[in-house]
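Note that these values count all heavy atoms, side chains included, but never hydrogens, waters or copies made by symmetry. Quick note on labels: first sequence line is chain A, next is B, and so on, each numbered from 1.
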2 protein chains.
Amino acid sequence: MDPASDSCRSGRLCARCVLRPVAGQPGPGGDASCPFAPLAEPLRQLARGERLHAGGDELDGVTLVVEGALKSVCFAPDGEEQVLAFHLPGELLGLDALSAGRHGSDVVALSSAIVCQFPVDGLLSRATPRAVAQGRLLRAIGESAARDRPQVQLLLRRQAAERIALFLDRLLIRMQPPGESLVELTLPMSRDDIARHIGLALETVSRGFTRLQDDGVIRVLGRHIEIRDPDALARLARRS
Amino acid sequence: MDPASDSCRSGRLCARCVLRPVAGQPGPGGDASCPFAPLAEPLRQLARGERLHAGGDELDGVTLVVEGALKSVCFAPDGEEQVLAFHLPGELLGLDALSAGRHGSDVVALSSAIVCQFPVDGLLSRATPRAVAQGRLLRAIGESAARDRPQVQLLLRRQAAERIALFLDRLLIRMQPPGESLVELTLPMSRDDIARHIGLALETVSRGFTRLQDDGVIRVLGRHIEIRDPDALARLARRS
DNA sequence: CGGACCTTTGAGAGCAGTCAATGCTGGTGG
DNA sequence: CCACCAGCATTGACTGCTCTCAAAGGTCCG
């Protein structure tokens, strides 16, 4: 099997890739011709709960989520798990290891998942045919750096209701394909994971969801969420 | 005046540059030979309160803090200022704009400051003599991405005392030159700025400092902080 | 010396955390 | 097909911490 072509053989998998959307690239051959294929390792499949890598592990490379969802976690010295980020299809992870050479957090699959890894050697190589791809990658890196910022903004909100509304609103945006507008979604993570991600007790998260339901903003059935009033949700996320 | 050489003419200014510390580079010529000089614009001086750029501004380039301190702020829709980050000498800022092409937050000088800017064109250029510098830059980018993570970790702590201790401990680490161990420091930011950065009310921050003083961990005189028991501080930051 | 800004301190109310118990759901095996 | 079980989600009661409001004290600068 050819590792390079395997990782991007399927158009379905590459369609939402963050590395792809660049000026004109719909050329003949379609999705099969991923410009990053030469840099990638074979796709890797993960089972629910399986660990992609642990904090302290040597940097294997930057990772792209193709399917499923993962979380980055670290542990406070008292053993408390902190969820630093969720990683959805099309998003990059592992950038924080580019400098230190080793990962700063554990990354665990929330469900069965497929990822695409780019060895760091390829990224740092100064071979010229890859220069264009490198530029594109630099942009993707900036994108990822930018994605951390909203998380900080969220955590700076001191009202639990605001945090929960913001979290939901942003997850919605990240999950919906460009142009579409999701009306319902199934959360890939537990209430506990959400709580550890937005800095609240899990009971507070649960109460928050219930409250949003009572107010007619969403409808909750466990992890299945129906958005009844997207504007109200956005308003709650942005105001107060 | 030659812009390129001006930006790194002074060894004093470049000594702590994040871009500099690479394998062997002490060669003759010393600090004057900054390998990034060809990529940089002339140094820029900022007065206290002066804005380097605003959120939404077109990306001018990645910025290195040479002297002084700055803060990145954004405003919640209700007008509340949120301090996303503080930027100290030797640190990079503006990475989050690499993808969108425009800055995501206002950056304001906390005191008079000097910065060194790298136009984005130079960074994306695939000219080969710069390839090495690009690799180094990629590492610096990863470093910056990694610096955002601790902020999230900090905000996930729910106890005010922990957040304050963590904030102080990390600021200490960032401010002390490698190898040295600071015993006292002068905070470049106000209690209000700290509060808006770690998600607390300014009164809570003030009380936290007082508490640390009462416990014999630090000594407080306004913005001047003396570390009386570094181990205790580290312990508070990492435990409970 | 005056004033603006920053910091500290106090008192009270409200919100979120903790502890505890019940309910629900999805998967497994009888 | 149903019973059971484990993990997850919801709800309630109570405590405690942090926010808010308010005022006084300090510091730095003009």
Exercise for the section: Would you mind reading off the distance between I218(B) atom CD1 and dT7(C) atom P, rounded to a whole angstrom? Expected result: 13 Å
Handout entry: Atom-to-atom span, CE of M189(B) to P of dT7(C) - whole angstrom
Key = 11 Å
Handout entry: Separation of dC5(C) C1' from R223(B) CZ (nearest whole Å)
Key = 10 Å
Exercise for the section: Could you check how far CZ of R158(B) sits from P of dT15(D), rounded to whole Å? Expected result: 20 Å
Practice task
Check each of L84(B), V205(B), V83(B) against R196(B) using the side chain to side chain contact (heavy atoms under 4.5 Å, CB included) test, and report the only one that passes.
Solution key: V83(B)
Completion exercise
Value for CG (L172(B)) from CD (E184(B)), rounded to nearest 0.5 Å, stands at 11.0 Å
Handout entry: Heavy atoms of other groups near R44(A) CZ, more than 12 under 6.0 Å
Key = yes
Problem - Euclidean distance, atom CD of residue E162(A) to atom P of dA16(C) [Å, nearest integer] - result: 10 Å
Fill in the blank from the handout: Within residues 198-214 of chain A, the residues having a heavy atom closer than 4.0 Å to DNA chain D are L202(A), E203(A), S206(A), R207(A), T210(A)
Practice task
Measure the distance from CZ on R191(A) to P on dT11(D) and round it to the nearest whole Å.
Solution key: 10 Å
Handout entry: Between dT27(D) (C1') and L187(B) (CG): distance, integer Å
Key = 15 Å
Exercise for the section: Mind running side chain to side chain donor-acceptor pair (under 3.5 Å) on E58(B) and H53(B) for me, showing each step along the way? Expected result: CA-CA 9 Å; E58(B) 197 152 338; H53(B) 61 244; over 6 Å; no
Practice task
Would you kindly give the CZ-to-P distance between R48(B) and dC28(D), to the nearest whole Å?
Solution key: 12 Å
Problem - side-chain N/O Q159(A) vs dA16(C) OP1/OP2, d < 4.0 Å - result: yes
Problem - Other residues, nucleotides, ligands: >12 heavy atoms within 6.0 Å of R48(B) CZ - result: no
Practice task
Output the distance between atom CD (Q213(B)) and atom CD (E226(B)), rounded to the nearest 0.5 Å.
Solution key: 9.5 Å
